[in-house]
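Structure record follows, encoded as structure tokens.
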Amino acid sequence: MAAGRGCAEERMITIKSQREIELMRASGAIVAQVLDMIGREISEGMTTLRLDNLAEAYIRDNGGIPSFLNYVPKGDPGVTPYPATLCVSINEEVVHGVPSDRRVIQEGDIVSVDCGVFKGGYHGDAARTYMIGDVDSKVRQLVEVTRECLDRGISQAIAGNRLHDISAAVEEHARSFGFSVIQNMVGHGIGTELHEEPPVPNYGRRNTGVKLREGMALAIEPMIAMGKSRNAVSKNGAWVAVTEDGGPCAHFEHTIVVRSEGAEIMTLP
Ligand code: MF3
Ligand code: CO
């Protein structure tokens with residue numbers, strides 16, 4: 001989500017009960033199954049709208065509702081409700097690419113697919129970047145490093161750590177390869193609302209931020225750019241946000257719950 005836009009009415013971080021975590025695991029499983037299905041289906045020559053139609057049908061067949069469809073960001077009444085199930089963001093597009101029957105996936109593209117599912121009163125949210133055919137080796141490295149950034153962030157989501165331990169782990173790994181963290185888009189708390197407190201930045205100092213507590217649910221979502229872009233920019237009223245320098249960007253996301261032994265990933269099939 002966009003940084004600096006209030007995530008929820010209350011400024012409180014909710015703690016999920018065991019029952020709520022089970023419901024989140026059920027929503028998260030559908031998200032993961034959609035992303036697995038996309039991984040099997042996605043190919044050169046396909047339109048991004050085709051992917052969206054497949055995802056929406058899968059979610060509804062499994063008793064869920066697409067979380068993003070008709071979503072209106074809080075505190076941003078100017079923007080139109082989000083018109084699709086998936087965000088499909090290609091190459092220099094960072095996030096919120098709107099599926100279209102005019103957008104055809106090409107050989108060499110990197111395609112970030114973000115999916116949210118609401119079921120049983122709870123949301124799951126995850127994203128993966130897919131590589132189409134023969135991808136430039138440096139771009140391939142960007143995608144692999146971004147996936148590792150997510151893993152490193154998740155490994156810090158332990159009760160007793162602080163929020164920015166996650167952020168710092170993501171940032172340090174990206175920077176060690178000379179890549180840039182997108183700073184004006186962040187992860188977020190998640191639960192009965194898609195976007196809850198706290199914002200989860202992908203940069204920051206260790207040992208700062210709120211203390212992580214057992215039962216906090218977070219969507220951790222590094223967006224890492226190959227060039228020097230620190231922000232994702234969108235044209236007036238448009239949903240899609242692109243890198244400032246036109247360089248490629250990758251995006252991976254999981255919904256997790258903080259536990260004392262380590263994070264538990266909700267968005268697994
Ligand atoms: N995972 C993204 C986010 O948390 C997707 C949001 S799409 C929207 O911001 F339509 F819901 F905004
Ligand atoms: Co998200």
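Both ligands and their constituent atoms are indexed starting at 1 by order of listing. Starting from 1, each residue takes its place in the sequence as its number. The figures that follow rest on heavy atoms only: side chains count, while hydrogens, waters and symmetry mates do not. Computed from a prediction, not measured in an experiment: that's the story for all the values here.
Within Glu253, OE2 is the N, O or S atom that lies nearest to the Co ion (ligand 2). Among the heteroatoms counted here (N, O or S) of Asp125, OD2 is the one nearest to the Co ion (ligand 2). The Co ion (ligand 2) is closest to atom OE2 of Glu221 (considering only N, O or S atoms).
Using bins of under 30°, 30° to 60° and over 60° for the plane-to-plane angle, the ring pair Phe179/Phe177 lands in the parallel bin. Below 30°, between 30° and 60°, or above 60°: for Phe118 and His123 the angle between ring planes is between 30° and 60°, a tilted geometry.
Distances below 4.0 Å separate heavy atoms of Asp125 from the following atoms of ligand 1: 1 (N), 4 (O). The contact set between ligand 1 and His195, taken as ligand atoms under 4.0 Å from a residue heavy atom, comprises 3 (C), 4 (O), 9 (O). Near Glu221, the atoms of ligand 1 lying under 4.0 angstrom from a non-hydrogen atom of the residue are 1 (N), 2 (C), 3 (C), 4 (O). Atoms of ligand 1 found under 4.0 Å from any heavy atom of Glu253 (numbered from 1 in listed order, with element): 1 (N). Which parts of ligand 1 touch Tyr82 is read off a 4.0 Å heavy-atom cut-off, strictly below it: atoms 10 (F). Applying the 4.0 Å criterion to heavy atoms of Leu194 picks out, from ligand 1, the atoms 11 (F).
Among Leu86, Val98, Val113, Val88, the single residue meeting the side chain to side chain contact (heavy atoms under 4.5 Å, CB included) criterion with Asp52 is Leu86. A side chain to side chain donor-acceptor pair (under 3.5 Å) with Arg128 is found for one member of Thr267, Thr146, Asp36, Asp114 and no other, namely Asp36.
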List the steps and the verdict of salt bridge (Lys or Arg N to Asp or Glu O under 4.0 Å) for Glu171 and Arg152. CA-CA 10 Å; Glu171 180 180 26; Arg152 290 186 179 227; over 6 Å; no
Check the pair Glu172 / Arg206 against salt bridge (Lys or Arg N to Asp or Glu O under 4.0 Å), numbers first and verdict last. CA-CA 10 Å; Glu172 283 164 17; Arg206 280 184 197 273; 2.8 Å; yes
For salt bridge (Lys or Arg N to Asp or Glu O under 4.0 Å), just list the numbers for Glu196 and Lys16, CA-CA rounded to whole Å, side-chain angles, deciding distance to a tenth of an Å, and then say yes or no. CA-CA 12 Å; Glu196 298 188 359; Lys16 275 72 180 180; 3.0 Å; yes
Step by step, would you call His96 with Phe68 a ring-ring contact (aromatic ring centres under 6.0 Å, His included)? CA-CA 10 Å; His96 304 160; Phe68 302 165; 7.9 Å; no
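When heavy-atom distances to ligand 1 are checked against a 4.0 Å cut-off, Cys87 comes that close only through its side chain, counted from C-beta outward. If you look at Met185 next to ligand 1, there are no close heavy atoms at all, none under 4.0 Å.
The neighbour count for Arg162 CZ, taken as heavy atoms of other residues, nucleotides or ligands under 6.0 Å away, is above 12.
The protein non-hydrogen atom at the shortest distance from atom 9 (O) of ligand 1 is Met1 N, 2.7 Å. Atom 2 (C) of ligand 1 has its closest protein heavy atom at Asp114 OD2, 3.1 Å. Counting only heavy atoms of the protein, atom 8 (C) of ligand 1 lies nearest to Tyr71 CD2, 3.9 Å. Atom 6 (C) of ligand 1 has its closest protein heavy atom at His96 NE2, 3.7 Å.
At least one N, O or S atom of His188 sits under 2.8 Å from the Co ion (ligand 2).
You'll find the ring centres of His164 and Tyr203 outside the 6.0 Å limit.
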